[in-house]
Amino acid sequence: MTTWIVTTESEISTAVEMAVGETVGVVVGDAPIGGVDRAIRIETGGVPAEAMAPAVVDAVQAQAGDAILVVNTAAGRVLAGALAAAKNAPILRGLRELGEGTATLGRYGGISYEHVEFDDVVIGLVASSEVVEPAVEAEVVTGESYGMSVESEDVGVGAQVNLAAATRIVGVGRGFITEEDIDLARELARAIGGEVGCTRPLVEGNGWFDRDAYLGVSGHSVAPEIYIPVGVSGQIHHTAGIDESETIVAINNDETATIFEFADYGIVGDLYKVLPEMIEALEK
């Protein structure tokens with residue numbers, strides 16, 4: 001069995017740890033990668049990584065029983081789709097563990113797990129994580145690309161964060177009344193040395209965050225040491241992306257909120273009272 005790791009960035013430790021058998025890294029662009037037995041670099045020539053999908057398909061010479069792990073970024077999801085179509089391969093959702101011809105998938109936000117067997121090529125999306133050193137010298141190849149170019153950029157004003165690699169995260173939900181109130185979550189994140197993420201409605205409904213901050217099945221799947229969801233109800237679209245967190249400390253004024261079913265510790269209370277007290281205690 002060979003595990004192919006497809007990425008546009010260096011942070012591939014999760015994929016490396018999950019890989020089985022020989023590992024071949026296929027990196028689109030200039031990012032150095034390590035932890036693999038062999039590396040292939042696809043030069044982009046200045047076009048977006050997504051445009052190199054035909055070259056990626058050619059480079060990944062997966063055989064029956066191989067697994068293709070794609071780092072879950074915006075470009076990675078496009079490349080995973082192209083590989084799935086070209087290889088006639090299924091995408092394993094919620095991939096948690098990989099074995100020789102077997103895989104474990106998280107279901108229903110981690111409430112249960114499904115064990116599957118495969119004898120053909122399969123594809124799994126894995127979280128961006130940490131850089132693996134030292135870098136492996138890569139074989140540089142060129143290949144076919146789609147006719148694509150960048151005509152303009154719409155850059156959000158928010159700071160870019162790598163939530164998938166964060167070890168401590170404060171999650172913001174609809175319990176916050178105004179956008180200005182999110183400063184409380186940012187203060188808490190600073191106090192614990194963490195980052196701030198959010199649920200989907202705060203991105204697509206309220207427009208309070210850039211999409212990079214969205215935690216959940218359509219955003220970032222994360223596994224921090226500590227996750228503090230504040231004012232988060234605990235809908236499955238969110239919990240499926242955070243259920244691998246080592247410790248979850250939930251804060252919500254509704255004692256029946258679903259998020260408490262996933263939490264290791266729960267605080268039932270008004271976030272506008274709880275957060276200032278937590279911040280004060282942490283800063284002492």
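When reading the values below, keep in mind they use all heavy atoms of this one structure, side chains included, and skip hydrogens, waters and symmetry mates.
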Check whether any side-chain N or O of [X] sits under 3.5 Å from a backbone N or O of [Y] as a donor-acceptor pair, and report yes or no.
X: Ser10; Y: Pro32; value: yes
X: Lys87; Y: Val57; value: yes
X: Asp254; Y: Thr256; value: yes
X: Arg38; Y: Val24; value: no
X: Asp264; Y: Ile248; value: yes
X: Thr7; Y: Glu9; value: yes
X: His238; Y: Leu215; value: yes
X: Arg190; Y: Ala185; value: no
X: Thr73; Y: Gly76; value: yes

If two hydrophobic side chains count as joined below 4.5 Å and joins carry through other members, does [X] share a cluster with [Y]?
X: Val6; Y: Val78; result: no
X: Leu271; Y: Ile226; result: yes
X: Ile192; Y: Val232; result: no
X: Val131; Y: Met18; result: no
X: Val230; Y: Val268; result: no

Item checked: Residues Glu195, Val170; criterion side chain to side chain contact (heavy atoms under 4.5 Å, CB included); working and verdict -> CA-CA 6 Å; Glu195 303 285 358; Val170 176; over 6 Å; no

Item checked: Ionic contact status for Lys273 with Asp270, cut-off 4.0 Å ->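 Judged by the 4.0 Å cut-off on N to carboxylate O distance, Asp270 and Lys273 do not form a salt bridge.
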
Show the atom names and distances, to 0.1 Å, of all donor-acceptor pairs under 3.5 Å that link a side chain in residues 60-72 to residues at least two apart or in another chain.
from	atom 1	to	atom 2	distance (Å)
Gln61	NE2	Asp58	O	2.2
Gln63	NE2	Gln61	O	3.3
Asp66	OD1	Thr2	N	3.0
Asp66	OD2	Trp4	NE1	3.4
Asp66	OD2	Gln63	N	2.9
Asn72	OD1	Arg77	NH1	2.7

Note to self: As a test of understanding, state which of Arg96, His115, Glu114 forms a side-chain hydrogen bond (donor to acceptor under 3.5 Å, both in side chains) with Thr104.
What the structure shows: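 Testing Thr104 for a side-chain hydrogen bond (donor to acceptor under 3.5 Å, both in side chains) against Arg96, His115, Glu114 leaves exactly one candidate, His115.
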
Next item on the list: Quickly, which of Val26, Thr3, Thr23 forms a side chain to side chain contact (heavy atoms under 4.5 Å, CB included) with Val36? Name it, please.
Entry: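 That would be Thr23.
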
Item checked: Residue from Ile40, Thr8, Ile42 passing side chain to side chain contact (heavy atoms under 4.5 Å, CB included) with Val56 ->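 With Val56 as partner, side chain to side chain contact (heavy atoms under 4.5 Å, CB included) holds for just one option, Ile42.
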
Check: About how many Å separate CG of Leu202 and OG1 of Thr199, when rounded to the nearest 0.5 Å?
Finding: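 Rounded to the nearest 0.5 Å, the OG1-CG separation comes out at 4.5 Å.
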
For a quick test of reading the model, state the closest non-hydrogen atom pair linking [X] to [Y] and the distance between them.
X: Ile33; Y: Ala39; answer: CD1-CB, 4.2 Å
X: Arg41; Y: Ala31; answer: NH1-O, 2.8 Å
X: Tyr214; Y: Val203; answer: CB-CG2, 3.9 Å
X: Pro54; Y: Glu144; answer: CB-O, 3.5 Å
X: Glu283; Y: Ala191; answer: CG-CB, 4.4 Å
X: Val20; Y: Gly99; answer: CG2-CA, 4.0 Å

Margin query: Assess the residue pair Asp120 and Val122 against the criterion (side chain to side chain contact (heavy atoms under 4.5 Å, CB included)); give the C-alpha distance rounded to whole Å, side-chain angles, the decisive distance to 0.1 Å, and a yes or no.
Written below: CA-CA 6 Å; Asp120 212 329; Val122 295; over 6 Å; no

